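Order of listing sets the numbers, starting from 1, for every ligand and every atom in it. Counting from 1, the numbers follow the sequence of the chain as shown. Bear in mind the structure is a predicted one, so any value in this text is a computation, not a measurement.
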Amino acid sequence: MTTEIEKELETSEAVLEKRRNFAIISHPDAGKTTLTEKLLLYGGAIHQAGAVKARRDQRKATSDWMEMEKQRGISITSTVLQFDYRDFQINLLDTPGHQDFSEDTYRTLAAADNAVMLIDAAKGLEPQTRKLFEVCKLRQLPIFTFVNKMDRPGREPLDLLDEIERELGLQTYPVNWPIGIGDRFRGVFDRATRTIHLFERRSHGSQEAQETVIELGDPKIEDHLEKDLYYQLKEDIELLSELGAELDLPAVHAGEMTPIFFGSAMTNFGVKLFLESFLDYGLPPRGRNSSLGVLDPTYPDFTGFVFKLQANMDPKHRDRVAFVRVCTGKFEKDMVVNHARTGKTIRLSRPQKLFAQDRAVIEEAYPGDVIGLNNPGVFAIGDTIYMGKKLEYEGIPCFSPELFAYLRNPNPSKFKQFQKGVSELQEEGAVQILSSIDEFKRDPILAAVGQLQFEVVQFRLLSEYGVETTLEPLAYSLARWVAGGWAALEKAGKLFNTLTVKDYWGRPVLLFKNEWNLQQVKEDHPSLQLNSIAPVGSGVQPQS
Ligand SMILES: Nc1nc2c(ncn2[C@@H]2O[C@H](COP(=O)(O)OP(=O)(O)OP(=O)(O)O)[C@@H](O)[C@H]2O)c(=O)[nH]1
């Protein structure tokens, strides 16, 4: 006879097995919005492709603080999209399209269990994809590669595989293989079932693609596929089996091998096959490092952490939302939880589920899900909330900024608002704040990955806090945290062409003008232990 506890455990394992969570990494224009939309179309979350874009446009029309989005036609914010497919519940953690906001993407990857690397068949790996791949590698995320835009002239598939292996050091395993390319792209061959999937083009792919599935070797193939494409395919299949590694799931889950899919998001070719395989091969919610060791998702008490804060998503209510990744246990509305950083208890009374810009109050959530909580200034990025035994999750790291500028408030009567605005925007992760070690230089130094982050900060300080500010750019382009600490820095003595500053937590940071300066200091002073990534959250308290 099974006991109640055993039954509960079985249920929670079954729930976990049917949950998948992922984020898409790509270079702008590779087709992320299009693929997202098509995944939602197959998931039945929307009925006609175009809805996500329409929502995006609608948001552009209604949001005021995101006036910048409208002016520039870019998407700055990111949300979470939840949909069902087969009996799976899927969480797609959407990330901003513009590379100036990649800090936001880095943090979102901290909450993801899988990553989908989307590449343009004609362009192969691009800078933003490489950068984001590095973050995935740090977390050993399983990476699924979707080679998009096969309906246009592109590079040789084998050449793309080779590039991924060489440059990213990932083993590749093509799960399917393209039949033709460009105008002659007819579909894909699914290697697991040895079937040919041929698609019909529909205008703009607004509905699911019609597909014909034929077994390899079926004589009917002649009615559907040109001879030369068929012979080419047979040749390719042979070559693949001669070359090829077997699909090694443990290696996929360890982020060492990437399953590869070919398709065209715009015409829907290959999207469904991709989704199906992703559900089969993707990782369910996994354990996470905490002060109690790696906490398995079957741990019974509710725990989660904040990976992203967002202000004023709804212009009608000037609210702030904290996005929490549920790690263990069951989340229930109105739950009273502990907030690890402050030791306070908090009632989670209006949890929200977010679908693009729509919200619905949720009653419960499970590991792998993301919930949106109202944040009246309580939460900061990396915060842990928990029930039961006290614990804290490993923090979300800060990544090296590349642009630096003093932020000045020329109007002394606005000092208070200025301070409040700067500290709230820092907590929200809109920008990193550094400060000079010179007592007399009290203006904060804004540190960002992209220029647009500065513009957003200035825009929001003016529109939300009523403070007009000016910027004075600093001629540095790299930041490194000094893991050796202040003592190592003092021992190293005077360093040329660098600026010593401290971060929000009072830790030493060195700014460098260029890579060359950095290399020199690294070689001359190994004891400084320069890091491009620094932990935040767990155990680190801001210095007052
Ligand atoms: N031919 C072709 N075009 C595509 C395909 N997928 C996307 N596109 C086009 O590529 C362009 C960029 O697509 P988006 O989906 O907006 O790309 P994105 O990556 O979200 O772009 P950002 O918002 O800049 O990050 C659009 O004009 C799409 O219509 C595809 O499979 N084939």
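A salt bridge is defined here as a Lys NZ or Arg NE, NH1 or NH2 lying under 4.0 Å from an Asp or Glu carboxylate O, and D228 with R184 meets this definition. In summary, R194 and E215 do not engage in a salt bridge, as defined by a charged side-chain N under 4.0 Å from a carboxylate O. Salt bridge D113/R139: absent, no basic N to carboxylate O contact under 4.0 Å. One finds a salt bridge joining D369 and R19 here, because a Lys/Arg side-chain nitrogen approaches an Asp/Glu carboxylate oxygen to under 4.0 Å.
The shortest N or O to N or O distance between M266 and ligand 1 is below 3.5 Å. On a distance-only criterion, S26 and ligand 1 share no N/O pair closer than 3.5 Å. Every N/O-N/O distance between T267 and ligand 1 stays at or above 3.5 Å.
The residue from D120, N148, L118 that puts a heavy atom closest to atom 6 (N) of ligand 1 is N148.
Close contacts between ligand 1 and K32 involve ligand atoms 15 (O), 17 (O), 18 (P), 19 (O), 20 (O) [criterion: under 4.0 Å to a heavy atom].
When non-hydrogen atoms are compared, ligand 1 lies under 4.0 Å from the backbone of D29 as well as from its side chain. Contacts between R152 and ligand 1 below 4.0 angstrom, taking non-hydrogen atoms only, involve the side chain exclusively. Residue T33 touches ligand 1 through backbone and side chain together, judged by heavy-atom distances below 4.0 Å. Residue-level proximity to ligand 1 for S264 is carried by backbone and side chain together, each with a heavy atom below 4.0 angstrom.
Here the two rings, on F261 and F146, have centers that are 6.0 Å apart or farther.
Using a 4.5 Å heavy-atom threshold, the side chains of L92 and F22 count as touching.
Taking the six-membered ring for Trp and thresholds of 30 and 60 degrees, F144 and F278 have ring planes more than 60 degrees apart, a perpendicular arrangement.
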